[in-house]
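Below is one structure, written out as structure tokens; the observations come after it.
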Amino acid sequence: MKRNYLSALLALSFAALHAQTGGGMFGGIPQPEVTFDTYVAAPEGFDKEQADVAKGRIEEVEYKSATVGTTRKATIYLPPHYDKSKKYPVLYLLHGIGGDHREWMQGVPNIIMDNLYARQQAVPMIIVMPNGRALPDDRPEGNIYSPEKVQGFERFEHDLIDDLIPFVEGRYSTYTDAAHRAVAGLSMGGGQSLNFGLGHLDTFAYVGGFSSAPNTRQPEQLIPDIDAAVKANKLLWMVCGSRDGLMFNSSRLKAFCDKNGVPCTLIQYPEGQHDFVVWKYGLYNFAQLAFR
Ligand code: FER
């Protein structure tokens with residue numbers, strides 16, 4: 001999996017040099033001029049296990065996907081003191097091109113969330129980490145950049161909305177409206193989150209893209225109806241590393257939003273690359289803002 005990210009980074013390293021300057025063109029890709037939102041560092045230890053902090057629970061589940069025609073897996077994080085007599089909002093948290101339903105565990109979402117809850121900095125939520133490659137063989141093996149594999153990431157729109165969400169809302173004690181659903185992800189999963197979240201305003205009110213990849217649709221496709229997006233979306237939040245060649249996916253959406261009066265955040269992580277330093281920071285911040 002490491003090697004896969006490495007090849008992506010290699011291909012993008014030139015573009016990364018350019019991203020710091022902001023604006024202009026690079027390799028035929030327009031790099032829009034944008035004003036980034038203020039970066040505030042996460043506190044020391046936000047991603048480190050603390051002995052005196054209540055722990056949530058991680059479990060792996062299987063659900064039937066009519067979209068794919070198989071049984072698929074997802075990792076679930078339940079907050080500390082999960083109580084079936086209460087209802088919870090749900091964050092769908094999506095992985096990158098070389099990952100699967102276990103990839104996000106590298107970013108210790110359970111520890112980040114446990115620590116946030118200990119300080120009462122996040123609304124208790126269930127986090128669902130699916131496999132976003134909606135294919136009969138959904139393993140990140142072979143050529144992970146092949147058109148077939150990439151199409152699986154597109155097809156996941158239907159698996160998510162028609163199969164996974166109903167499964168989650170049947171199995172766990174959740175709210176079942178857009179105001180209590182969030183979708184966020186890293187890289188390919190960031191692109192998916194922007195595409196599906198903004199494409200289904202009636203399903204998700206909170207949308208996050210961390211280092212979003214070239215699967216991110218053009219701003220005009222993401223937000224064809226400005227008024228509808230402004231009305232329905234409650235959070236559109238992005239982060240990308242200053243040294244990540246994929247910044248243009250986020251900055252062109254940010255530029256469009258600023259021009260059209262759509263509330264939107266884009267933080268440039270200083271010296272940030274295409275890795276879990278940025279993605280953990282993304283979760284830490286997004287989780288505090290969601291469901292408010
Ligand atoms: C690409 C560069 C990067 C691309 C996808 C990625 C489909 C995804 C990277 C990741 O998920 O880490 O050209 O095209």
Side-chain angles (χ1 to χ4, degrees), residues 1 5 41-51 53-61 72-82 88-133 140 156 160 164-165 168 171-172 174 180-193 196-197 204 206-212 235 237-241 267 269 272 274-292:
M1 237 180 268
Y5 280 122
E44 194 72 34
F46 81 100
D47 58 347
K48 300 288 181 298
E49 193 171 336
Q50 318 281 341
V53 159
K55 306 279 186 283
R57 191 166 86 233
I58 296 282
E59 53 189 49
E60 193 169 290
V61 296
R72 312 195 68 233
K73 292 192 167 99
T75 305
I76 310 284
Y77 164 81
L78 298 174
H81 318 296
Y82 171 73
Y88 295 85
V90 184
L91 163 60
Y92 294 84
L93 190 59
L94 312 182
H95 63 78
I97 200 158
D100 61 14
H101 62 289
R102 296 196 180 103
E103 184 183 43
W104 256 105
M105 292 310 295
Q106 292 174 43
V108 294
N110 52 322
I111 295 175
I112 292 171
M113 297 306 297
D114 291 344
N115 290 342
L116 282 176
Y117 295 136
R119 296 176 172 211
Q120 302 190 334
Q121 287 178 313
V123 174
M125 68 186 83
I126 296 171
I127 300 185
V128 177
M129 293 161 272
N131 180 321
R133 197 179 293 97
F156 183 67
L160 172 64
L164 179 58
I165 291 178
V168 167
R171 178 177 172 115
Y172 298 100
T174 69
H180 296 93
R181 291 195 205 99
V183 62
L186 69 89
S187 201
M188 274 310 262
Q192 287 178 310
S193 298
F196 310 159
F204 303 101
Y206 311 87
V207 178
F210 314 153
S211 320
S212 300
L235 179 66
W237 193 94
M238 299 183 283
V239 65
C240 191
I267 292 172
Y269 193 104
H274 199 69
D275 62 26
F276 265 104
V277 174
V278 175
W279 304 332
K280 286 197 276 194
Y281 178 84
L283 175 63
Y284 173 80
N285 283 280
F286 184 82
Q288 293 179 66
L289 298 170
F291 312 121
R292 301 285 193 189

Please report the interatomic distance [atom1]([X]) to [atom2]([Y]), rounded to the nearest 0.5 Å.
| X | Y | atom1 | atom2 | result |
| --- | --- | --- | --- | --- |
| Leu93 | Glu103 | CG | CD | 10.0 Å |
| Leu186 | Ile97 | CG | CD1 | 11.0 Å |
| Leu91 | Phe204 | CG | CZ | 10.0 Å |
| Asp100 | Asn131 | CG | CG | 5.5 Å |
| Met129 | Leu94 | CE | CG | 11.0 Å |
| Leu160 | Gln192 | CG | CD | 8.5 Å |

Answer yes or no: is there a side-chain heavy-atom contact under 4.5 Å between [X] and [Y]?
| X | Y | answer |
| --- | --- | --- |
| His274 | Ser187 | yes |
| Val90 | Val168 | yes |
| Asn110 | Met105 | yes |
| Phe156 | Arg72 | yes |
| Ile267 | Trp237 | yes |
| Tyr77 | Pro109 | no |
| Met125 | Tyr88 | no |

Quiz item: For the residue pair Tyr206 and Phe286, is the inter-centroid distance of their aromatic rings smaller than 6.0 Å?
Solution: no

Self-check item: Ring centroid separation Tyr281 to Tyr269 under 6.0 Å
Solution: yes

Verify, without hydrogens or angle tests, whether [X] (side chain) and [Y] (backbone) share a donor-acceptor contact under 3.5 angstrom.
| X | Y | value |
| --- | --- | --- |
| Asp47 | Gly107 | no |
| Asp114 | Lys55 | no |
| Gln50 | Gly45 | yes |
| Arg133 | Gly99 | yes |

Exercise. Evaluate the ring planes of Phe276 and Trp104, with Trp represented by its six-membered ring, and classify them as parallel (under 30°), tilted (30 to 60°) or perpendicular (over 60°).
Key: perpendicular

Practice problem: Could you go through the side chain to side chain contact (heavy atoms under 4.5 Å, CB included) check for Gln121 and Phe46 one step at a time? | Solution: CA-CA 12 Å; Gln121 287 178 313; Phe46 81 100; over 6 Å; no

Exercise. Please indicate whether Glu59 has more than 12 foreign heavy atoms, meaning atoms of other residues, nucleotides or ligands, lying under 6.0 Å from its CD.
Key: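 Atom CD in Glu59 is packed in, count exceeds 12.
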
Quiz item: Would one find more than 12 heavy atoms of other residues, nucleotides or ligands at under 6.0 Å from atom CD of Gln288?
Solution: yes

[X] and [Y]: which non-hydrogen atoms are nearest, and at how many Å?
| X | Y | answer |
| --- | --- | --- |
| Gly98 | Pro140 | O-CB, 3.3 Å |
| Pro89 | Pro124 | CD-O, 3.1 Å |
| Tyr284 | Pro43 | OH-CD, 3.0 Å |
| Val128 | Ala74 | CG1-CB, 4.4 Å |
| Leu235 | Ala290 | CD2-N, 4.0 Å |
| Ser211 | Val278 | OG-CG1, 3.7 Å |

Self-check item: Donor on one side chain, acceptor on other, His180 and Thr174, under 3.5 Å
Solution: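 Result is no, nothing qualifies.
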
